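In what follows, a single structure is set out as C-alpha cells and then discussed.
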Amino acid sequence: MIPTTAEFRLLEILWRLGEGTIEDFLRASEKDDPLNYKTVQTVLRIMENKKFVSHSSRGRAFVYRPRVKRSEVSRISLRSLLNRYFRGSRSELLVNLLEDERIDANELGKLESLIRSYRKASLAERQKSR
C-alpha cells in the first residue's frame, strides 16, 4: 500500500525524528507548512490502521514510531509508478527521464557508473550460482 501525500509527509517527519508525539509533528512542521493538531491525529490513526506507524503511551501522550522504512515505501511506490505509467518497463521509465528531465553531465556519469556496477554485481552473482 502506498501512503497518501499527507501520510508521506508525516512519515518523513517520523523518519527524521525516529519517534514523536503529535506536538513533535507540529513543531517539526512549523517552518514549512504548519500542520493542524486534529488533522495529524486523524491521519496518524489511519496510518496506524494501515500499519505504517505504531504508538505507545508516554503519560497522556501517544508516541508514534514508523513501522515502514523509507526504502520500502520508495520501492513500493516506484513499482506502482512503473506498472501504472510505464507498463512495468524500467527502460521506458529511464528513457522518459533522459528525454524529459535536464540531467547534467555529472548526474549522467553517476547513472552510468551505477548501471556498470549493478551489471558487474549481477554477472558475478550469476557466475557464483553455476
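Computed from a predicted model, the values in this text were never measured in an experiment.
Partners of Phe62 by ring pair (Phe, Tyr, Trp, His ring centres under 6.0 Å), not counting sequence neighbours, listed by chain and number: His55. In this structure, Glu107 has no salt bridge (Lys or Arg N to Asp or Glu O under 4.0 Å) partners at least two apart in sequence or on a different chain.
For the atom pair OG of Ser29 and CG of Leu10, the computed distance is 8.5 Å after rounding to the nearest 0.5 Å. Here the straight-line distance linking atom CG of Asp24 with atom CD1 of Ile13 works out to 10.0 Å at 0.5 Å rounding. How far CG of Leu17 is from CZ of Arg27: 9.5 Å, rounded to the nearest 0.5 Å. If you take CD1 on Ile2 and CZ on Phe52, they are separated by 8.5 Å, rounding to the nearest 0.5 Å.
Contact detail for Gly20 and Leu14: the closest heavy-atom pair is N-CD2, 3.8 Å. Among all heavy-atom pairs drawn from Glu7 and Ile46, the shortest one is OE2-CG2, 3.5 Å.
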request  = Would you please test Val43 and Leu35 for side-chain contact (heavy atoms from CB on, under 4.5 Å) and show each step?
outcome  = CA-CA 11 Å; Val43 173; Leu35 295 167; over 6 Å; no

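We find that Glu19 and Arg58 are joined by a salt bridge, their nearest charged nitrogen and carboxylate oxygen being less than 4.0 Å apart. A salt bridge links Arg70 with Glu12: at least one charged nitrogen is closer than 4.0 Å to a carboxylate oxygen.
For the pair Ser122 (side chain) and Tyr118 (backbone), a donor-acceptor distance under 3.5 Å is absent. With Ser77 contributing its side chain and Val73 its backbone, the two residues share a donor-acceptor pair below 3.5 Å.
Linking ILVMFWY residues whenever their side-chain heavy atoms come closer than 4.5 Å, directly or via other members, leaves Leu82 and Ile76 in distinct clusters. Using a 4.5 Å cut-off between side-chain heavy atoms of Ile, Leu, Val, Met, Phe, Trp and Tyr, with links allowed through other members, Phe25 and Tyr37 fall into the same hydrophobic cluster. Hydrophobic clustering, with ILVMFWY side chains joined whenever heavy atoms are under 4.5 angstrom apart, groups Leu93 together with Tyr85.
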